[in-house]
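Below you'll find the structure, written out as structure tokens, and then a few comments.
Sequence lines set the chain letters: A, B, ... in the order given, protein chains first and strands last, and positions in each chain run from 1. Quick caveat: nothing in here was measured; it's all calculated off a predicted structure.
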2 protein chains.
Amino acid sequence: MEKIRKVTIQDVARYANVSVGTIDRVIHNRGKVSPEKRKKVEEAIEKLNFNPNLLARTLALGNQFTVCILIPAAPSEGHYWSMPLNGLEMGSAQFKDYGIITQYFFYDLFDEKTFTQQTAKILEINPDGVILAPLFLNESKLFTEKLKDKEIPFVFIDADIPNRQSLSYIGPDVKQSAYIAGRLMNSILPEKAEILIVNMVKGFDNASALKRMEEGFRAYFKEHGQEQNKHITTLTIKSKQKDEVFRELTKYYIKNPAVKGVFVTNSKAYLVSEFHQNHDLDIRLLGYDLVEGNINHLKSGGIDVIISQSPVQQGQRAVQTLFEFFIQKQEPEKILHVPLDIIIRENMGFYIGFNRQHRTEIKTTTVNN
Amino acid sequence: MEKIRKVTIQDVARYANVSVGTIDRVIHNRGKVSPEKRKKVEEAIEKLNFNPNLLARTLALGNQFTVCILIPAAPSEGHYWSMPLNGLEMGSAQFKDYGIITQYFFYDLFDEKTFTQQTAKILEINPDGVILAPLFLNESKLFTEKLKDKEIPFVFIDADIPNRQSLSYIGPDVKQSAYIAGRLMNSILPEKAEILIVNMVKGFDNASALKRMEEGFRAYFKEHGQEQNKHITTLTIKSKQKDEVFRELTKYYIKNPAVKGVFVTNSKAYLVSEFHQNHDLDIRLLGYDLVEGNINHLKSGGIDVIISQSPVQQGQRAVQTLFEFFIQKQEPEKILHVPLDIIIRENMGFYIGFNRQHRTEIKTTTVNN
DNA sequence: AGAAAAAGTGTGTGCGTGCACACAAAATAT
DNA sequence: ATATTTTGTGTGCACGCACACACTTTTTCT
């Protein structure tokens with residue numbers, strides 16, 4: 001296979017009878033170039049179909065972009081937040097040679113203070129960009145306000161705060177995801193049935209997201225004339241701890257033994273499934289995210305459907321977005337809703353296998369405590 | 001944000017008190033290096049956490065890898081094969097600066113001869129790698145045999161031919177996809193129902209794939225004790241033309257008016273849906289691939305579920321696989337089964353939006369006739 | 001008119017790495 | 001002991017591009 005000579009800036013220079021410097025000036029609209037030569041250069045670029053080599057450009061420029069990533073810590077391997085992290089690491093590895101330097105900051109899902117602490121550190125570092133999961137509303141608002149003052153672009157993943165002038169939001173359409181949940185729930189229940197929505201909140205989470213989910217879920221039944229057939233109630237448990245959840249479920253089921261379907265609005269459906277199995281309850285169950293517990297209960301049949309919000313892609317895409325913004329000067333889409341995958345036992349395996357990174361040499365610059 | 005100095009080969013050299021040449025020799029196991037210095041260098045690399053800059057390496061090496069891509073031509077924008085093509089173009093753009101040069105060769109889905117013609121051209125070009133959709137079994141066997149003689153690695157996408165020593169197969173698990181179809185069909189049908197599998201074949205396609213699909217589909221019902229409840233028959237239509245399909249469907253439905261669910265084994269479910277709508281038939285319908293026709297009929301409700309086999313990712317991943325093989329010397333996984341997405345009206349939009357490439361400057365080196 | 005400023009253009013160096021080559025030191029052969 | 005390999009190590013160029021600098025030509029000012 002003989003080499004196909006790639007057209008370089010030299011080729012263009014020769015073709016247009018000018019020096020590389022002039023080509024450079026034309027490309028970057030820098031310095032003065034006489035109209036005639038400019039025209040000749042532009043023609044040459046067009047004619048030879050010249051595309052600057054991004055590698056060489058990056059190397060020559062040598063500029064760096066520090067990106068701070070602020071997400072919840074994943075306490076274990078199978079935890080939800082290990083998946084976006086995985087995607088973020090993939091993205092970091094992919095773009096590190098282009099000068100994208102990522103630093104990770106983890107906060108405790110149950111402790112706003114750790115969030116604020118980490119934001120302070122990030123502000124001190126004064127990075128070129130930030131990727132964050134704004135799970136604490138007020139703290140996130142404060143933080144992004146400061147970022148805006150410093151003109152540091154930021155990307156939201158997983159959760160959105162509208163009208164924050166983020167560079168982009170990459171994550172699920174929360175309301176629609178619950179609408180889909182409604183659709184799926186309806187399709188696996190008999191004509192008439194009682195349905196329970198289970199929320200688990202610790203502290204003062206994103207209450208608005210929960211509200212939007214409930215709306216979305218109920219909207220499906222409303223729009224499809226199922227209001228008379230399906231009786232939907234909501235149980236909000238102020239904990240994600242197993243014992244506490246079990247206690248509340250027991251209490252509820254004793255009073256409402258007719259429940260036929262449960263929609264769990266977070267990734268802890270497996271807890272409910274375990275409860276059902278403990279008590280031999282035949283109840284349809286629907287939840288979020290392909291975390292380890294849910295995987296097991298999908299297998300065992302305790303969970304019927306999981307809706308997954310492309311967690312790995314979210315992370316990967318976020319890094320890519322900043323890469324395209326910094327290096328290629330591309331303005332990203334303000335909102336990028338990721339696919340909401342419908343996962344059942346039978347197609348589960350492919351989602352687990354496909355996005356696993358099989359590179360060896362990934363070292364993440366982790367900044368802890 | 002002050003610059004973080006990246007560790008270069010120079011830094012390592014200074015740290016280990018040797019020249020860059022020696023570092024290079026250690027890294028690439030080339031030439032002779034005294035044991036002491038080797039040790040010092042290895043320590044320095046470890047200590048400084050040195051990672052060679054892939055960009056600089058690629059630039060310095062300057063080697064190129066020509067990759068020929070052989071897939072069916074997409075007659076229109078919404079055609080199935082425009083999706084893998086889209087992914088392939090994304091991959092090409094992503095890796096072109098690394099020296100991956102892609103050339104496209106399109107064949108007519110209904111004409112083996114065009115396939116053979118294109119393979120001849122590819123063999124003449126003598127590329128470094130090939131990506132192909134081996135939809136014609138015999139012709140593909142002949143082709144890959146020749147590739148093996150020339151020691152040109154090749155990657156299958158979309159369809160697999162087992163035991164061909166391909167570098168990798170990136171595509172769906174066909175049998176499992178039909179099994180999933182069975183699961184979904186069962187869940188949307190009443191207890192007792194008649195089910196029809198519709199195959200459309202033009203000429204002598206991949207008969208074995210159809211067989212595996214049928215097996216997979218029926219397997220679900222068998223494994224779930226539905227054999228008595230569901231009566232499954234197969235209709236094979238020797239065309240993909242609307243009029244011909246309609247004729248055969250008419251003939252079949254007149255004889256079998258009790259059909260309650262139809263599983264279409266290719267991407268033409270929309271034809272069947274149109275037929276159903278024309279004749280006011282209330283029949284559940286399940287098919288493959290998010291092509292334009294299916295999108296419309298999902299919206300209208302004529303199609304209940306579409307199984308999509310990550311067509312864009314298939315293409316993107318195929319290019320990536322060859323990149324990793326050539327540039328990073330990574331041996332890919334022999335089989336990479338892509339996610340089988342379950343698509344209903346409600347989550348359809350996200351799949352359409354997410355993988356659309358929004359780069360402007362992609363020019364594909366297309367080689368036609 | 002000459003001086004000064006502006007416009008237009010070419011040259012050279014560096015980015016980080018791979019590799020060919022030159023050269024020194026040590027080991028072996030004569 | 002000298003000649004010849006072998007082994008070990010350093011230097012310099014190339015890759016394609018950006019950018020600083022030097023230089024020449026033209027225009028404007030006084």
Side-chain angles (χ1 to χ4, degrees), chain A residues 3-42 44-45 48-65 96-101 326-329 361, chain B residues 3-41 44-45 48-65 96-101 326-329:
Chain A
K3 300 264 173 272
I4 294 175
R5 257 194 61 70
K6 284 184 164 185
V7 289
T8 75
I9 204 169
Q10 297 280 357
D11 300 324
V12 182
R14 219 171 299 128
Y15 189 91
N17 263 319
V18 293
S19 74
V20 292
T22 304
I23 309 292
D24 185 65
R25 278 182 278 270
V26 171
I27 292 175
H28 297 96
N29 272 317
R30 175 155 52 80
K32 308 288 179 181
V33 177
S34 69
E36 331 136 50
K37 295 224 170 179
R38 174 180 296 275
K39 187 149 176 291
K40 276 174 81 177
V41 169
E42 279 164 351
I45 289 177
L48 301 179
N49 185 26
F50 169 67
N51 282 107
N53 186 318
L54 186 58
L55 269 60
R57 167 176 293 176
T58 304
L59 207 54
L61 281 171
N63 44 19
Q64 300 185 336
F65 302 94
K96 84 166 159 29
D97 288 333
Y98 290 97
I100 304 283
I101 298 169
F326 289 139
I327 315 290
Q328 316 195 328
K329 317 283 182 219
E361 33 72 26
Chain B
K3 301 263 172 273
I4 295 175
R5 256 195 61 71
K6 285 186 163 184
V7 287
T8 74
I9 205 169
Q10 299 279 357
D11 299 324
V12 183
R14 219 170 299 128
Y15 189 93
N17 263 320
V18 294
S19 73
V20 291
T22 304
I23 309 291
D24 184 67
R25 278 181 277 273
V26 171
I27 293 176
H28 298 95
N29 272 318
R30 173 157 59 80
K32 308 288 178 183
V33 176
S34 69
E36 331 136 52
K37 295 224 168 180
R38 173 180 297 274
K39 187 150 176 291
K40 277 174 78 177
V41 170
I45 289 177
L48 300 180
N49 185 26
F50 169 66
N51 284 106
N53 185 318
L54 186 57
L55 269 60
R57 168 178 291 175
T58 304
L59 207 55
L61 281 170
N63 43 20
Q64 299 186 335
F65 302 93
K96 83 168 162 17
D97 289 333
Y98 290 97
I100 303 283
I101 298 168
F326 289 137
I327 316 290
Q328 315 194 328
K329 317 284 182 215

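A 4.5 Å side-chain heavy-atom check between A:L54 and A:I327 finds at least one atom pair inside the cut-off. Contact annotation: the side chain of A:K32 never approaches that of A:R25 to less than 4.5 Å [non-hydrogen atoms, C-beta and beyond]. Using a 4.5 Å cut-off on side-chain heavy atoms (C-beta onward), B:V20 and B:Q10 make contact.
Atom OG1 of B:T58 is separated from atom CG of B:D97 by 9.5 Å, given to the nearest 0.5 angstrom. To the nearest 0.5 angstrom, A:F50 atom CZ is 8.5 Å from A:N53 atom CG. Note: B:T8 OG1 to B:N51 CG = 12.5 Å, rounded to the nearest 0.5 Å. Rounding to the nearest 0.5 Å gives a distance of 10.0 Å between NZ of B:K40 and CD1 of B:I23. Between the CZ atom in A:R57 and the CD atom in A:Q328 there is a gap of 9.5 Å [rounded to 0.5 Å]. Separating the CZ atom in B:R14 from the CG atom in B:L48 is a distance of 10.0 Å, to the nearest 0.5 Å.
Where DNA chain D meets chain A (any atom under 4.0 Å from a heavy atom), the bounding nucleotides read 5' to 3' are D:dG16 to D:dC19.
Shown are A:T22, A:V33, A:V18; of these, the side chain to side chain contact (heavy atoms under 4.5 Å, CB included) with A:R38 is made only by A:V33.
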Show each protein N/O and nucleotides 7-11 of chain C N/O combination with a separation under 3.5 Å, one pair to a line.
residue, atom, partner, partner atom, Å
C:dT9, OP1, A:S34, OG, 3.1
C:dT9, OP2, A:S34, N, 2.9
C:dT9, OP2, A:S34, OG, 3.0
C:dG10, OP2, A:S19, N, 2.7
C:dG10, OP2, A:S19, OG, 3.0
C:dG10, OP2, A:T22, OG1, 3.1
C:dG10, N7, A:R25, NH2, 2.9
C:dG10, O6, A:R25, NH1, 3.3

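Aromatic ring pairs are classed by plane angle as parallel below 30°, tilted from 30° to 60° and perpendicular above 60°; the pair B:F326 and B:F65 is parallel.
Atom CG in B:N29 sits about 13 Å away from atom P in C:dG18, given to the nearest Å. Rounded to an integer number of Å, the gap from B:L61 CG to C:dA20 C1' is 14 Å. Residue A:R57 contributes atom CZ, which lies 18 Å from atom P of C:dG16 at whole-angstrom precision. Atom CG in B:L59 sits roughly 13 Å away from atom P in C:dC19 (whole-Å rounding). Between the CD1 atom of B:I27 and the P atom of C:dT17 there is a distance of 8 Å, rounded to whole Å.
Within residues 8-16 of chain B, no residue is approached by DNA chain D to less than 4.0 Å at the level of any non-hydrogen atom.
Base contact: A:D24 has a heavy atom under 4.0 Å from a base atom.
In this model, the phosphate group of C:dC19 is not approached by any side-chain N or O of B:H28 to a distance below 4.0 Å at OP1 or OP2.
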